[in-house]
Amino acid sequence: GCGGGHAGQMAVKTLLSAKEASAVLGHGGATSRDIGTRNNTKLHLSGRFDHYPGTHLQELTIRGPGLEPVSMTLAEVMAKVAEECGRISGGDMDLEEGNSRVRLIVPAAAAKAIIGRGGENIKLLRSCTGLKVHVEEVAIGAGALAEQIVALQGTFMAIQGGVPNVVEKVHELIDQPWFAQWGSASNAAPGSSVVATQMAPGKGGKGKGKGKGGWGGWDMPMSWDSWSGKGWGKSGWDQGKGGWDQGKGWGGYGGMGGDAGGMGGG
């Protein structure tokens with residue numbers, strides 16, 4: 001493989017709040033070491049203030065020899081966060097009681113497969129699991145290494161049922177020449193220069209039905225508050241997209257986004 005990864009090595013990436021990240025690390029990193037040793041995997045967490053672009057979240061990468069050990073590790077990580085923090089939320093305050101929200105970072109090719117032609121795969125995933133599934137339209141990174149956030153929201157049991165579907169779509173790309181490099185690179189690393197690209201929405205066209213097309217937004221749009229804080233003006237995020245803060249009732253989140261963006265940029 002290229003870029004420092006091993007050929008045939010599987011990788012998954014997920015985003016965690018500071019509190020969730022410390023639950024996974026444990027005292028002096030003991031918990032993450034235990035999880036890794038048990039599953040023959042390596043867990044790598046970005047620094048406390050090394051946030052994934054456009055978020056106030058740290059990136060956890062899990063690498064290992066194949067689908068099963070990596071999936072088992074991710075399941076243990078999610079269970080640990082749920083146990084220590086009550087649920088997985090990425091620090092979001094807008095979740096209903098009993099619901100969790102998990103964010104996975106996947107190569108853009110996997111995001112496309114998760115959505116499926118005309119949105120058929122994402123619709124099936126929703127109906128089979130009862131989850132709300134949202135694929136972030138802004139891709140981070142360039143070319144084959146571009147990646148997108150896939151967020152799953154629902155009960156913890158439903159999330160445990162839905163996450164493997166997403167991980168399998170990532171695993172289908174393991175033989176691609178760029179996969180090892182994707183698995184070993186991080187856009188949350190300090191000093192990494194970030195390219196953000198607005199991906200074309202799936203069926204349903206721009207703003208038609210407020211995201212009910214192939215991308216299938218949430219029933220209520222999520223406040224991806226930090227994007228406004230980071231000022232991704234070029235992606236057409238604020239302009240002509242109906243602005244997440246204005247007219248969508250997420251006004252209260254605007255200030256939070258500014259702070260998170262400022263911290264991430266520092």
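Numbering starts at 1 and runs along the sequence shown.
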Under a 3.5 Å distance rule, please check whether Glu20 uses its side chain to pair with a backbone N or O of Ser89 as donor and acceptor. yes
Would you say the side-chain atoms of Thr197 pair up with the backbone N or O of Met199, donor to acceptor, closer than 3.5 Å? no
Give the intermediate values and the outcome of side chain to side chain contact (heavy atoms under 4.5 Å, CB included) for residues Arg126 and Lys132. CA-CA 6 Å; Arg126 286 187 188 128; Lys132 294 176 181 175; 5.8 Å; no
Looking at every non-hydrogen atom in both residues, tell me the closest pair between Ala21 and Leu45 and how far apart they are. CB-CD2, 3.6 Å
Nearest heavy-atom contact between Arg63 and Val70 is C-CG2, 4.0 Å
Below 4.0 angstrom, N of the basic side chain to O of the carboxylate: do Asp92 and Arg87 qualify? no
Is it the case that the side chain of Glu84 and the backbone of Val81 share a donor-acceptor pair, with hydrogens and angles ignored and the cut-off at 3.5 Å? no
Taking all atoms of both residues into account, what is the closest heavy-atom pair of Asn187 and Tyr52, and its distance? CB-CE1, 3.9 Å
Given Ile114, Leu74, Val133, Val135, the one that forms side chain to side chain contact (heavy atoms under 4.5 Å, CB included) with Val166: Ile114
Hey, are Arg103 and Glu136 close enough for a salt bridge, meaning a charged N less than 4.0 Å from a carboxylate O? no
Any chain of hydrophobic side-chain contacts (each under 4.5 Å) joining Met72 to Leu60? no
Please table the atom pairs, donor to acceptor, closer than 3.5 Å between any side-chain atom in residues 36-43 and protein atoms at least two apart or in another chain.
from	atom 1	to	atom 2	distance (Å)
Thr37	OG1	Arg33	O	2.8
Arg38	NE	Glu76	OE1	3.3
Arg38	NE	Glu76	OE2	3.4
Arg38	NH2	Glu76	OE1	2.5
Asn39	ND2	Ile35	O	2.9
Asn39	ND2	Glu76	OE2	3.0
Thr41	OG1	Thr73	OG1	2.8

Does Ile174 belong to the same Ile/Leu/Val/Met/Phe/Trp/Tyr cluster as Ile62, with side-chain heavy atoms less than 4.5 Å apart forming each link? yes
To the closest 0.5 Å, what do you measure between NE2 (His51) and NE2 (His56)? 8.0 Å
Using a 4.5 Å cut-off on heavy atoms from C-beta on, say whether the side chain of Thr31 contacts that of Leu25. no
Can you tell whether the side chains of Lys80 and Glu83 come within less than 4.0 Å, N to carboxylate O? yes
List the steps, then state whether side chain to side chain contact (heavy atoms under 4.5 Å, CB included) holds for Lys169 with Asn121. CA-CA 11 Å; Lys169 292 284 189 282; Asn121 292 353; 4.3 Å; yes
Smallest separation among heavy atoms of Ala196 and Val138, with atom names: CB-CG1, 3.9 Å
Kindly determine whether Leu104 and Val163 satisfy side chain to side chain contact (heavy atoms under 4.5 Å, CB included), including the steps that lead there. CA-CA 9 Å; Leu104 300 170; Val163 163; 4.1 Å; yes
Student check: side-chain heavy atoms of Val102 and Thr14 closer than 4.5 Å: yes
pair Ile105-Leu15: side-chain heavy atoms closer than 4.5 Å: yes
Ignoring hydrogens and geometry, is there a side-chain-to-backbone donor-acceptor pair from Lys112 to Arg117 under 3.5 Å? no
Work out which heavy atom in Ile88 is nearest to a heavy atom in Phe156; give both atom names and the distance. CD1-CE1, 3.7 Å
Donor-acceptor check, side chain of Arg101 to backbone of Leu95, threshold 3.5 angstrom: yes or no? no
Just by distance, do the side chain of Gln181 and the backbone of Leu145 share a donor-acceptor pair under 3.5 Å? no
Which pair of non-hydrogen atoms, one from Gly141 and one from Ala146, has the smallest distance, and what is that distance? O-CB, 3.5 Å
Do Leu131 and Ile159 make a side-chain contact, defined as non-hydrogen atoms from C-beta onward lying under 4.5 Å apart? yes
Student check: side-chain heavy atoms of Thr155 and Asn99 closer than 4.5 Å: yes
With sequence neighbours excluded, what pairs up with Leu67 under the side chain to side chain contact (heavy atoms under 4.5 Å, CB included) test? Met10, Ser71, Val167, Glu168, His171
Does either side chain, that of Asp50 or that of Gln58, offer a donor lying less than 3.5 Å from an acceptor on the other one? no
Do Trp178 and Pro107 have side chains that get closer than 4.5 Å, going by heavy atoms? yes
Flag side-chain contact, heavy atom, 4.5 Å: Lys13 against Trp182: yes
